[in-house]
Protein chains: 2
Amino acid sequence: MAASTETPEQADGQAALARHAPQPPCPAARPRLRRDAERNRQRILRAAAEVFTERGLEATLDDVARHAGVGVGTVYRRFPDKVALVSELFQDRIDAMVAEAERAHAEPDPWTGLVSYLKYVAETFAGDLGLRQMMMFGAHGGTRTRYARERMRPAVTRLVKRAQAAGQVRADLRATDIPFIAIMLTTAGEYAAQVRPDIWRRYLNLIIDGLRPERDTATPLPVAALTPQELEQMLSAGPGGGAGPGRRFSP
Amino acid sequence: MAASTETPEQADGQAALARHAPQPPCPAARPRLRRDAERNRQRILRAAAEVFTERGLEATLDDVARHAGVGVGTVYRRFPDKVALVSELFQDRIDAMVAEAERAHAEPDPWTGLVSYLKYVAETFAGDLGLRQMMMFGAHGGTRTRYARERMRPAVTRLVKRAQAAGQVRADLRATDIPFIAIMLTTAGEYAAQVRPDIWRRYLNLIIDGLRPERDTATPLPVAALTPQELEQMLSAGPGGGAGPGRRFSP
DNA sequence: TCTAAGCGGAGATGGCATCTCCGTTCCGGG
DNA sequence: CCCGGAACGGAGATGCCATCTCCGCTTAGA
């Protein structure tokens, strides 16, 4: 194979870890690892990213270990527990989310700013089950996600207020409605994950049309609707397609 | 002779229902119980209805027994297993749902019919977690719920088509979008259960406004939006308020 | 009165996820 | 090249929880 060019994530991961590590914030505190150990550490982080992103936070550390090609013991030697691993893993993604809320506010057109933010959030959650669970379920690093939401809140409020001041959004919308829209869209996406993962775009457009104070035409709904067969398959399997995190009531 | 060219979904309802019933629907088949036994049976059914409706299907039979004031053994003597109990319990509620889909189609105004159906579904699911889980997650009596959905499908299709023919609904809406709307609304309600259980009404109106082909004004959003504090509390707890069925990622 | 139906609930059973332990492997400094 | 100790793997200890069984005691009702 070609000489392995280090992915930016790896280098970046180190920095983020040092900055946000819950226990020892000082990078020097972590002693240099033997080369094989360091390599495994990276493997674990990469595997964890893939597994948690795809299958959600209730994937087991055994899964992560297997996916990384190491033993569970190795995982637990590097990370005190599951929470620590997950928490470290999602830190920069959460930061990116906050940054996007602020970026959207910089958009010249208020309506475009609001819509692009909604789209970004839905897209991000749709593609990252683990991140979604961190932000939308109390679980894992509560302080961390709470802080992220606190930082996002004023940006979203301004986003909504500005669009309303421009008369582009119905006056009775509130900033707290935005997270609900995100939750609803993401849920739709999660249900349809196996069948039509981007069906949420259809409902984003639907909701966007509902957000306007008045309008002459509807923006067309993108992505085909499910066929009745696909719908039946989806409802029979439940969210996540049957194997995923929604498989809650099997007895 | 009956036409053999009938579409499958419109095949004889009652017969299929009887065919799918796991136990004989005839009560006479069940031998007379001693008076105390019969009384306990009723208690169990009532307790199960309350518990599963409120807390969802993953409430344990121990919960049901305790709530009924009997021992678990008594529950298991009357019902072979959890699935049998749940399945029997929700049968008529499912039937009622199907009936409502047909009733909505009898509504004189197409738009009113569609909206009232949406409202009914959201309202029903919001007030009955167990029913929601039966219909939206593959779990428990798959045949039974599948059959219910099969009967609902043509009614919903007609509902949508009729409203479109009258120019009251955007042309690109499809019948399979309706269940998604129900899913999204119910999810919003489930999240906010502890804080503002009927917040879904807000988003029903939002979506309804999105359904129209064009409009001059928005229908006002009922129910106050969440305060930022309520929102934070909700997102910290997760769907169901922390104790419910959404508490999936605690480790 | 007397017997079989009924009862309660402790606990057997099975499953699953987290985390530990220890015999073995293999870096890497001297 | 060699050897001490870091690192490894993964079986299994531990803990939890839900389903369902079993058996000694209770009670309806002929």
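Below, all heavy atoms of this structure are taken into account, side chains as well, without hydrogens, waters or symmetry copies. The model shown is predicted, which means the values in this text are computed figures rather than measured ones. So you know, we letter chains A, B, ... as the sequences are listed, proteins then strands, and number each from 1.
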Answer with base, sugar-phosphate or nothing: what part of the nucleic acid does A/Asn40 contact at a heavy-atom distance below 4.0 Å?
sugar-phosphate

Is A/Asp63 salt-bridged to A/Arg66, cutoff N-O under 4.0 Å?
yes

Quick check for you: among D/dC20, D/dC8, D/dG10, whose closest atom lies nearest to any side-chain atom of A/Val72?
D/dG10

Roughly how many Å is it from CD in A/Glu38 to P in D/dA6, rounded to a whole number?
17 Å

Which one, D/dC20, D/dG29, C/dA17, comes nearest to the side chain of B/Arg35?
D/dG29

Side-chain contact check for B/Thr74: nearest option of C/dG8, D/dC8, C/dG9 is C/dG8

Is the closest side-chain donor-acceptor distance between B/Asp177 and A/Tyr203 under 3.5 Å?
yes

Which of these nucleotides, C/dC19, D/dC20, C/dC7, is closest to any side-chain atom of A/Tyr76?
C/dC19

Can we say A/Glu100 and A/Arg151 salt-bridge, meaning some charged N sits less than 4.0 Å from an Asp/Glu carboxylate O?
no

Assign B/Arg77 to base, sugar-phosphate, or nothing according to its heavy-atom contacts below 4.0 angstrom with the strands shown.
base

Select base, sugar-phosphate, or nothing to describe what A/Arg78 touches, counting heavy atoms under 4.0 Å on all strands.
sugar-phosphate

Nucleotide nearest B/Arg34 when distance is taken to its side chain, options D/dA7, D/dC20, C/dG6:
C/dG6

Quick check: on DNA chain D, is the nucleotide nearest B/Asp81 upstream (toward 5') of the one nearest B/Arg39, or the reverse? Name the residue that is more 5'.
B/Asp81

If I take atom CG in residue B/Leu33 and atom C1' in nucleotide D/dT27, what distance separates them, rounded to the nearest angstrom?
15 Å

Could you work out which one of D/dG10, D/dA7, D/dT19 sits closest to the side chain of B/Asp62?
D/dT19

State which of C/dC7, C/dC19, D/dG9 makes the closest approach to the side chain of A/Val70.
D/dG9

Check whether the side chains of B/Thr53 and B/Arg93 place a donor and an acceptor atom closer than 3.5 Å, and report yes or no.
yes

